[in-house]
Structures are given as structure tokens and as C-alpha cells.
2 protein chains.
Amino acid sequence: MTGTGWQPVRKTRTFEDVLAQVERRIAEDGLTAGDRLPAERQLAEQLGVSRSSVREAMRVLETLGVVSSQVGRGPDAGAVLVSKPDAALTDLLRLHLGLASLEPREVIDTRLMIERWTAARAALTRPDVSVLAEAIAGMDRAASPEEFVEHDTAFHCALAEASGNRLIAAFMRSLRDSLRRYAVEAVVRLGDTSGLQTDHRRILRAVLEGDPDEATEAVTAHLARAYPDLCGE
Amino acid sequence: MTGTGWQPVRKTRTFEDVLAQVERRIAEDGLTAGDRLPAERQLAEQLGVSRSSVREAMRVLETLGVVSSQVGRGPDAGAVLVSKPDAALTDLLRLHLGLASLEPREVIDTRLMIERWTAARAALTRPDVSVLAEAIAGMDRAASPEEFVEHDTAFHCALAEASGNRLIAAFMRSLRDSLRRYAVEAVVRLGDTSGLQTDHRRILRAVLEGDPDEATEAVTAHLARAYPDLCGE
DNA sequence: ACCACAGTATGGTCAGACCATAGCAGCAGG
DNA sequence: CCTGCTGCTATGGTCTGACCATACTGTGGT
């Protein structure tokens with residue numbers, strides 16, 4: 001694993017073989033989140049490799065949010081299959097942003113794309129809007145830009161959850177994590193948050209009334225207000 | 001690293017400390033793709049940890065598409081910073097699909113979202129369409145569903161590249177990799193690919209004429225034809 | 001019934017060794 | 001002077017075996 005397309009003929013490393021075996025076992029045995037993997041020493045013996053190689057494979061799986069390792073003993077100890085792609089996506093975005101191999105504009109553009117989609121979807125599914133309303137109230141009470149952004153994140157992530165697509169929701173959470181700094185900057189730059197709140201209420205109203213086009217329009221206007229230099233086309 | 005939000009108070013493991021140090025060094029020294037990291041043994045000595053811990057950290061960075069390790073000696077040997085998020089995203093999607101923690105419908109929905117965005121963007125930027133035309137010609141020549149899907153993937157990925165957003169383009173490539181099986185199934189199920197080709201030409205025409213709304217409409221109709229059971233809302 | 005304690009399986013870390021690889025430096029021969 | 005071979009060396013990749021901290025498990029005493 002670790003990439004299907006690779007031009008170099010590079011010999012597969014031992015830990016990659018372990019990864020392939022584990023993945024095969026997951027597929028064949030139909031393992032899902034909550035199931036346990038064999039212990040490291042046991043797996044090493046089964047596959048005829050050293051524990052180091054097994055550990056490196058575990059590290060990869062852990063990075064991808066597929067397993068979680070717990071020390072100690074008992075039913076919850078050892079390597080357990082989980083489903084936490086959020087951390088992996090967050091790390092991915094943060095590191096590539098740090099490497100300057102992704103520009104903020106690209107990440108913010110992606111966020112706009114996701115927001116438009118989730119808003120329209122949420123308007124169609126008529127979700128429970130109490131979380132959204134609570135987030136707006138939290139922003140009203142916020143005493144600092146950081147606190148405002150915290151509730152703002154909750155609002156937009158709740159919208160993403162409401163869309164019913166876990167992949168897109170996970171992506172949204174990771175994007176917000178990576179963009180927290182820019183979000184705070186945007187709030188500070190604006191100074192007044194009343195315009196943003198007007199947008200939030202307009203989005204909430206559109207979702208409540210089940211009007212996907214209006215919801216899309218509302219989030220577009222919202223992000224254009226927050227990042228005026230990036231949303232002009 | 002490995003996730004910013006974590007409720008358990010778990011003691012930071014050594015390799016996580018190494019990751020944090022490496023990430024700090026990347027940020028402080030302004031390292032970018034192409035720069036070299038210290039050798040494993042050297043890094044271990046500098047940080048006062050064992051080589052195993054350094055290696056586990058390297059495995060994480062490699063999984064996230066941030067470094068690439070080359071054996072041997074010389075300027076290209078050792079751990080080099082790269083920027084290859086594709087493999088990481090592909091592995092992420094494939095594993096979570098295998099774990100049944102993501103359903104195909106969610107991944108296909110995500111694809112629809114991205115396609116609509118990239119088509120509209122491509123129509124606005126008026127890209128070089130020769131690659132798109134060549135992909136369509138390749139599909140005309142295709143002798144098998146697999147070959148057809150190969151050129152189809154090239155077409156849609158080229159559209160994503162044309163949008164100018166590397167993050168979204170990378171996501172698109174990963175989605176196509178993960179969905180290859182479903183794409184082939186869809187082509188086989190349809191039997192006749194002339195309808196799909198009509199769609200492709202319509203998309204190309206919309207991009208050529210710089211009509212983003214028509215481009216969006218065209219890809220939506222295209223995916224509705226390919227996955228009729230998933231695109232009804 | 002409860003509690004204290006030893007047993008044990010787990011992941012986490014370390015030290016040290018060996019291997020294959022691939023560039024590099026030096027030397028021998030033209 | 002140039003060319004080609006050869007040994008050196010730094011690199012990642014792997015293995016072994018050890019030790020630690022942790023947290024459940026079972027036992028025995030109260």
C-alpha cells in the first residue's frame with residue numbers, strides 16, 4: 001500500500017508487506033471499527049517479520065486513522081480498529097500548508113465549495129437546527145475573536161454534519177482546524193461581527209425553510225464577506 | 001501532532017515528540033519540498049532518542065506525503081521533503097471504504113460536489129483543452145470497460161487540474177483511484193457508452209465557451225447517468 | 001463481599017548489530 | 001589527460017533481545 005501509483009521499481013519494504021497483509025485480513029474477515037487486531041508480537045510471529053516492522057505498519061495505520069493502540073491488558077488493549085479520518089486529514093492539511101506546498105487560497109476555496117454543498121444539502125434534509133441556533137447564540141455571547149471563531153466553527157461543522165455525508169463532514173472539520181488562524185484574522189480584520197451574524201441567521205432561515213438555492217446563496221455571501229480578497233472571480 | 005484534538009490525557013509518545021520537533025524545524029527554517037532532513041541516526045542523536053522512534057516519526061511523515069526516504073548516498077539520499085498528498089488521501093479513502101466506515105454513496109456524492117465545482121472553475125479559467133479532447137478520443141478508441149474508465153479518469157482529472165486548485169485536484173485523483181471499481185461496474189451496467197461520450201462533449205463545449213452554469217449542469221447530468229440510483233434527490 | 005497484591009499481556013522505548021544500496025574518492029591503465 | 005574499476009562510506013531497512021510502564025486478571029486473605 002502507501003500509494004498505488006509509483007513509478008520507481010522500489011522493492012517493497014517489510015512494513016509495507018505487513019500493511020498489505022493486515023488490509024487483506026480486514027477485507028477478508030470483514031473487520032470493522034471496534035474489532036481488535038492481533039498483538040504486535042503475535043502478528044510479527046504470524047507474518048514472520050520483526051516486531052519493528054509490525055510497529056512501523058501500525059504507525060501508518062494509526063496515522064491514517066484506522067487503528068488506535070492502547071497499552072495495558074484487557075479487552076480494550078492492543079490495536080483496535082477505529083474510524084477517525086479527521087486527525088489524518090487535519091495533519092495532512094497542516095503539514096502541507098506549513099511546507100508551502102498548499103496556499104491558503106486553495107484551502108479556503110475548498111472550504112467555499114464544501115460550504116455551498118453542505119448548505120444546500122442541509123436545506124434538503126431539514127435537520128435538527130437546535131445546534132445551529134445554539135452556536136449563533138454562542139457567537140452573540142462571545143467576548144473575544146477566538147471565542148467567536150470557536151462557535152463559528154461549531155456552526156459550520158454542524159451544518160456539515162447535517163448534510164449526512166461523513167466524508168465531507170470530516171473534511172470540513174479538518175479544514176476548520178487548519179484555517180483557525182485565518183478565521184481569527186478575518187474576524188479581527190472585520191472588527192464588527194454583526195454582519196457575519198446576519199449571514200448566519202440568513203443561512204439558518206434558509207435551512208429551516210428548506211430552500212437550497214437560498215442557502216447556497218447565503219453561504220456564498222457569507223464567505224465573500226469574511227474573505228473579500230479571495231472570493232472575487 | 002497526530003491530531004490536535006484529543007480528549008485522553010495520554011502521555012506524548014517519543015515519536016510524537018520527534019514529529020513535533022521536525023515540524024517546528026520545518027516551520028522555523030522555512031523548509032520546502034526538495035530540502036533534506038538530517039539522517040535518521042543524526043536526528044536521533046540530536047533529539048536524544050533512539051533511532052526506532054525517529055523511524056516511526058519518519059513513517060508517519062511518509063504516510064502523510066511529506067517526506068520521501070531514499071537509501072544510498074549522495075545529494076538525493078536520505079529523507080527529502082516532498083509534497084505528495086495524493087497517496088495519503090488515496091490510502092485514507094481506500095482503507096476507510098474497506099472498513100465500511102464510509103459508504104460508496106458518500107464518496108460518490110463527494111465526487112459529484114467536486115466535479116460540479118471543477119467544471120465551473122475550468123469554464124472560467126479557459127484552460128488548455130487538448131488533454132480533454134485527447135481523453136475523449138481515447139474513450140472512443142477504448143476496447144474494454146477498463147480502458148474506457150482509464151481515459152474517463154484522465155478526462156475528469158484533467159478537468160480538476162484545470163481548476164487550478166491543487167488540493168481539490170489531489171482529492172479528485174484519490175477519489176477516482178478509490179472508485180475505479182465502481183466506475184467500471186457503472187460502465188458495464190450501462191453497456192452503451194455513447195451517452196457518456198455525449199456528456200463529455202457537452203462538458204468540453206461548455207468549458208470551451210466559458211459557460212460555468214452549463215458546465216455545472218452538464219457534469220450533473222453526466223453523473224446522474226452514470227449513477228442513476230445515487231443522484232436522485 | 002470486599003480489598004490488596006502478585007501475575008501477566010500489552011504497547012513504548014532503547015541499544016546494537018547486520019544488510020543492501022548508491023554515490024564518491026582514489027587509483028591503475030590507457 | 002582521460003577513463004574505468006574498486007574499495008570506502010553514509011544512507012535507509014531489518015532484526016534481535018532486552019527493559020519499562022501500564023492496566024487488566026486472578027488469587028488469596030480479611
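The figures here come from the full heavy-atom set of this structure, side chains too, leaving out hydrogens, waters and symmetry mates. First the proteins, then the strands, lettered A, B, ... as listed; each starts at 1.
Contacts of A/A39 with the nucleic acid, taken as non-hydrogen atoms under 4.0 Å apart, involve only primed sugar atoms and P, OP1 or OP2.
If you measure from atom CZ of A/R55 to atom C1' of C/dT13, you get 8 Å, rounded to the nearest angstrom. Separating the CD atom of A/Q42 from the P atom of C/dT8 is a distance of 18 Å, rounded to the nearest angstrom. The distance from atom CD of A/E56 to atom P of D/dG13 is 8 Å, rounded to the nearest whole Å. If you measure from atom CZ of B/R13 to atom P of C/dT10, you get 17 Å, rounded to the nearest angstrom. Rounded to an integer number of Å, the gap from CG of B/L37 to P of D/dT11 is 13 Å. Distance, A/E45 CD to D/dT16 C1': 14 Å, rounded to whole Å. Regarding B/R36, its CZ atom lies at a distance of 9 Å from the C1' atom of D/dA10, rounded to whole Å. Rounded to whole Å, atom C1' of C/dG12 lies 8 Å from atom NZ of B/K11.
Distance CD/B/E40 to OG/B/S52: 9.5 Å, rounded to 0.5 Å.
Surrounding CG of B/D140 are more than 12 heavy atoms belonging to other residues, nucleotides or ligands, all under 6.0 Å away.
Residue whose closest nucleotide on DNA chain D sits further toward the 5' end, between A/D76 and B/Q70: B/Q70.
Outside the 6.0 Å centre-distance limit, the rings of A/Y227 and A/Y182 are not counted as a close aromatic pair. The aromatic ring centroids of B/H200 and B/H151 lie 6.0 Å or more from each other.
Results of the side-chain contact (heavy atoms from CB on, under 4.5 Å) test with B/L37 over B/L31, B/V66, B/V54 single out B/L31 as the only residue that passes.
In this model, the phosphate group of D/dT11 is not approached by any side-chain N or O of B/S69 to a distance below 4.0 Å at OP1 or OP2. Applying the 4.0 Å criterion to OP1 and OP2 of C/dC24, one finds that B/R73 has every side-chain N and O outside that range. Here A/T14 reaches the OP1 or OP2 of D/dT14: one of its side-chain N or O atoms lies under 4.0 Å away.
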Please determine whether side chain to side chain contact (heavy atoms under 4.5 Å, CB included) holds for the pair A/E161 and A/V131, giving the CA-CA distance in whole Å, both sets of side-chain angles, and the decisive distance to 0.1 Å. CA-CA 11 Å; A/E161 308 285 350; A/V131 185; over 6 Å; no
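Counting only heavy atoms from C-beta outward, the side chains of A/R116 and B/R116 never approach each other to under 4.5 Å.
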If the sugar-phosphate is the primed atoms plus P, OP1 and OP2 and the base is the rest, what is the B/S/- string for nucleotides 15-20 of chain C, using protein heavy atoms under 4.0 Å? --BB--
